[in-house]
Amino acid sequence: MWHLVCGDNAVEGVAFALGETVPRECLRVLRDDLAVGPLKGIEQPPCTRRAAFWRAVWPEAVQPAPDFEAGLDEDARWLAGLAGQSQAVTVWHGDSASEQLLLARVAAALEHSELPLWEVPCGTGDSRVANRRAVAMHRPAELAGLYLPKLVGLERRQQLVAQWRGVLAEGAGIRRWRDGAFHGEDFSFIDADLLGHCTAEWRPLGRVMAGVMAGCDGFFASDFFLFWRARELAAQGRVEIDGEPASNGYGGLRVRLTG
């Protein structure tokens, strides 16, 4: 049985929940944050367009940068071959749009396969900031209590496949998960949030980004993603960024509105 999680932060807790009954090599991490960026070509290695997106997002000051082409290529090829394997699949997911998209992507990979698809729901079903719970937000002991796999039935599998095909066709920049469905939007909405937390006076960029994160319903806006949007706004002349970046790329920087 394969156990799939979205992101490294979920690994320790899920490994604890599985215990010694599941070999560690059967726990696979898929790191791509599917909630943001273009998905066109993501199923066709080497996923050039998506790799270019992540290279643009990654802060120049943070080195070495991951080999996005290799990682995305490996994931796409592994998922493409999943239907031909003999092991069933379990996806751990919570209220993260990325986790929900991973579940839909796996369902699509198994669309013409008779392999069982299982899920371990770890969320509340509410993606608003105050109520949501991603897998990594649970303590290991909590995940052990949530380890109650549910078989994904045919109707739900078909619904998940349709959702995945829908987000691929939509081509949005951001996908929020709300009321069991994905809602696409362009980057202008998150840019407006960033601008709304800026003032004419200098403010620490990290504080501005934290303010956006604290009110970002529907998906988890990461620090690197928001830093990229801040750089894009600076390139458009809408904000100014000043300072010497710290090891995380944005610490030590400050931002203010222009004009």
Side-chain angles (χ1 to χ4, degrees), residues 1-35 75 78-79 81-167 175-183 216-220 222:
M1 172 80 75
W2 286 108
H3 288 263
L4 307 185
V5 297
C6 183
D8 292 294
N9 291 336
V11 172
E12 180 181 354
V14 171
F16 176 87
L18 295 175
E20 298 181 358
T21 60
V22 177
R24 187 62 179 262
E25 56 266 26
C26 290
L27 174 56
R28 186 176 179 94
V29 186
L30 288 96
R31 298 177 175 87
D32 194 357
D33 182 355
L34 300 170
D75 286 350
W78 187 84
L79 286 165
L82 189 59
Q85 298 191 29
S86 59
Q87 296 190 66
V89 183
T90 297
V91 179
W92 293 67
H93 63 81
D95 302 314
S96 157
S98 291
E99 292 170 341
Q100 293 297 322
L101 284 160
L102 173 59
L103 177 63
R105 186 182 185 186
V106 172
L110 297 176
E111 182 177 9
H112 303 297
S113 170
E114 295 183 0
L115 278 182
L117 174 59
W118 297 80
E119 61 179 333
V120 180
C122 302
T124 65
D126 185 347
S127 63
R128 291 175 295 181
V129 172
N131 300 317
R132 66 188 178 192
R133 300 284 285 175
V135 175
M137 294 172 69
H138 291 279
R139 295 190 301 272
E142 292 176 336
L143 287 176
L146 292 170
Y147 183 27
L148 302 169
K150 299 179 180 179
L151 184 64
V152 182
L154 179 59
E155 183 177 352
R156 176 157 160 75
R157 285 177 69 149
Q158 292 174 337
Q159 179 188 32
L160 289 167
V161 172
Q163 287 183 324
W164 178 247
R165 299 294 180 231
V167 298
R175 288 155 288 277
R176 298 182 192 255
W177 186 68
R178 186 172 63 250
D179 299 327
F182 299 106
H183 303 267
C216 189
D217 293 333
F219 82 107
F220 287 79
S222 71

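Remember, predicted model here, so these are calculated numbers, not experimental data.
Between Val5 and Trp92 the shortest heavy-atom distance is CG1-CB, 4.1 Å. The heavy-atom pair separating Gln87 from Cys26 by the smallest distance is OE1-SG, 3.9 Å. Closest heavy-atom contact between Asp32 and Cys6: O-SG, 4.2 Å. Contact record, Ala134 with Ser96: CB-CB, 4.2 Å, taken as the closest heavy-atom pair. Closest approach of Leu82 and Leu115 over heavy atoms only: O-CD1, 3.4 Å. Contact detail for Trp164 and Ala108: the closest heavy-atom pair is CD1-CB, 3.4 Å.
Residues Cys122 and Met137 fail the side-chain proximity criterion, which asks for heavy atoms closer than 4.5 Å.
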task: Could you go through the side chain to side chain contact (heavy atoms under 4.5 Å, CB included) check for Thr90 and Met1 one step at a time?
output: CA-CA 7 Å; Thr90 297; Met1 172 80 75; 3.1 Å; yes

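Note: Leu103 CG to Arg156 CZ = 5.5 Å, rounded to the nearest 0.5 Å. One finds the CH2 atom of Trp118 at 15.0 Å from the CG atom of Leu4 (value rounded to the nearest 0.5 Å). Expressed to the nearest 0.5 Å, how far CG of Asp217 lies from CG of Asp126 amounts to 8.0 Å. Rounded to the nearest 0.5 angstrom, Asp75 CG and Arg28 CZ are separated by 5.5 Å. Rounded to the nearest 0.5 angstrom, Phe220 CZ and Arg132 CZ are separated by 4.0 Å.
Among the candidates Arg105, Gln163, His93, Arg175, the single residue satisfying the side-chain hydrogen bond (donor to acceptor under 3.5 Å, both in side chains) test with Gln100 is His93. Shown are Val161, Leu160, Leu79, Leu117; of these, the side chain to side chain contact (heavy atoms under 4.5 Å, CB included) with Leu110 is made only by Leu117.
Counting heavy-atom neighbours within 6.0 Å of Arg128 CZ, excluding the residue itself, gives a total of 12 or less. For Asn131, the CG atom sits in a packed shell: over 12 heavy atoms of surrounding residues, nucleotides or ligands are nearer than 6.0 Å.
A donor-acceptor contact shorter than 3.5 Å is absent between the side chain of Asp95 and the backbone of Gly123.
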Which atom pairs, one a donor and one an acceptor, fall under 3.5 Å between side chains of residues 141-155 and the rest of the protein, sequence neighbours left out?
unit_1	atom_1	unit_2	atom_2	d
Glu142	OE1	Arg133	NH2	3.4
Glu142	OE1	His138	ND1	3.4
Glu142	OE1	Arg139	N	2.9
Glu142	OE2	Arg139	NH2	3.3

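Screening residues 2-21 for salt bridge (charged side-chain N to carboxylate O under 4.0 Å, His left out), with sequence neighbours left out, gives Asp8-Arg31.
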